[in-house]
Amino acid sequence: MRDAPAPTLTLVYLARLRDAFGAAGERVVLPADVTTAAQLREWLAARGGAWAIELAPGRAVRIAVNHDIAQPETPVRPGDEVALLPPVTGG
Amino acid sequence: MTVRVQTGDFDAGRELALLRGGDRRVGAVAAFIGTVRDINDDATVATLTLEHYPGMTEKALTAIVDEARSRWDIVDALVIHRVGKLAPADQIVLVGVTSAHRGEAFAACEFIMDYLKTRAPFWKKEATPDGVRWVDARASDDDAAARWEEAATSGPKA
């Protein structure tokens, strides 16, 4: 019996973060212990390099889950679209 | 309610006429137009490129207008925000609010702009003689939005 493809979460990187990470987004398979927005941020920061710099604690990065601004404890699940947003500068 | 993100320019007169729509309850129309400055943080700006997060932008703007409607007795509201490449003196954003009396229209219009500046997913990138740079968020914009957190519906705290 074949395994089903691992369920993925879609990451979207916007503006300055897209430049810093060198990609507009990616699909990832979450480890079992990454279930909230805060845990996702820590998991990505642990990649090191630009990730560690841009997502360091205290850096102003907001997370949107399925187009709504998330709180640290907001759940993230396979199938979600999760965006990393630098501080906004419209208007 | 009209919320629109577009690359093209807008005709504020036409948009405000549509917003009013001949509604006889309307006694006041307040509008704000944001335009591109040629100097920002002491650098000459040649062009400004605005990007947004499609899908979330419209949702965020609609939520801001809904919040304004819940705080003030307004008749209707309009937000048009441009994206793409703009030049100094170009129009960026139009906010229009109609109400029976001017106080509500002024307050709701300012509230929508303050929240748009801090909550709607738009980002500006400037081309200057020193190169291209993402515009930094301003603490003064956060302060402007925070005034409304505890403000009575009549307007922001001084």
Side-chain angles (χ1 to χ4, degrees), chain A residues 8-28 36-38 40-41 44 49-91, chain B residues 5 32-37 40-41 48-64 79-84 86 91-95 109-126 131-142 144-145:
Chain A
T8 60
L9 174 145
T10 302
L11 288 167
V12 177
Y13 310 132
L14 291 150
R16 186 173 56 73
L17 294 177
R18 183 184 59 244
D19 290 352
F21 299 154
E26 62 185 296
R27 287 174 179 276
V28 294
T36 68
L40 177 63
R41 177 176 175 156
L44 291 171
W51 301 88
I53 295 167
E54 298 291 344
L55 301 179
R59 288 296 295 264
V61 172
R62 279 200 239 175
I63 296 178
V65 177
N66 300 325
H67 298 151
D68 285 319
I69 290 295
Q71 301 305 314
E73 65 279 9
T74 300
V76 294
R77 302 184 183 89
D80 285 347
E81 179 173 309
V82 178
L84 303 186
L85 290 67
V88 300
T89 55
Chain B
V5 178
F32 173 85
I33 298 172
T35 58
V36 181
R37 281 192 313 278
N40 189 37
D41 293 335
L48 192 65
T49 304
L50 268 142
E51 75 166 60
H52 73 124
Y53 180 19
M56 179 172 173
T57 315
E58 296 78 1
K59 198 172 178 180
L61 292 174
T62 300
I64 292 167
V79 179
I80 299 175
H81 202 298
R82 293 179 69 191
V83 292
L86 303 175
Q91 302 187 115
I92 304 175
V93 61
L94 169 66
V95 173
C109 186
E110 188 174 18
F111 169 88
I112 290 170
M113 265 316 296
D114 285 347
Y115 268 40
L116 183 156
K117 298 275 299 186
T118 52
R119 297 186 180 201
F122 292 100
W123 296 274
K124 291 189 183 110
K125 190 191 240 180
E126 293 173 338
V132 173
R133 63 183 188 186
W134 289 101
V135 173
D136 285 328
R138 293 176 191 278
S140 58
D141 287 334
D142 288 331

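Order of the sequence lines fixes the chain letters, A, B, ..., with proteins taken first and strands second; residue numbering starts at 1 for each chain.
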> B/K124 versus chain A, heavy atoms under 4.5 Å apart: side chain, backbone, both or neither?
Replying inline: both
>> Heavy-atom cut-off 4.5 Å, strictly under: side chain, backbone, both or neither for B/D142 against chain A?
In response: neither
> Can any side-chain N or O of A/R41 pair as donor or acceptor with the backbone N or O of A/V61 at less than 3.5 Å?
Replying inline: yes
> Can you tell if the side chain of B/L48 reaches within under 4.5 Å of the side chain of B/I92, non-hydrogen atoms only?
Replying inline: yes
> What part of A/N66 is in contact with chain B, defined as an atom under 4.5 angstrom from a non-hydrogen atom: side chain, backbone, both or neither?
Replying inline: backbone
>> Using a 4.5 angstrom heavy-atom cutoff, name the option from B/L116, B/T118, B/V95 with the most pairs to chain A.
In response: B/T118
>> Report which part of A/A15 has an atom under 4.5 Å of a heavy atom belonging to chain B: side chain, backbone, both, or neither.
In response: both
> Quick one: are A/L11 and A/L44 in side-chain contact, heavy atoms under 4.5 Å?
Replying inline: yes
>> Determine whether B/Q91 and B/I80 satisfy the following criterion, side-chain contact (heavy atoms from CB on, under 4.5 Å), listing intermediate values before the conclusion.
In response: CA-CA 10 Å; B/Q91 302 187 115; B/I80 299 175; over 6 Å; no
>> With a 4.5 Å cut-off on side-chain heavy atoms, are B/E126 and A/T89 touching?
In response: no
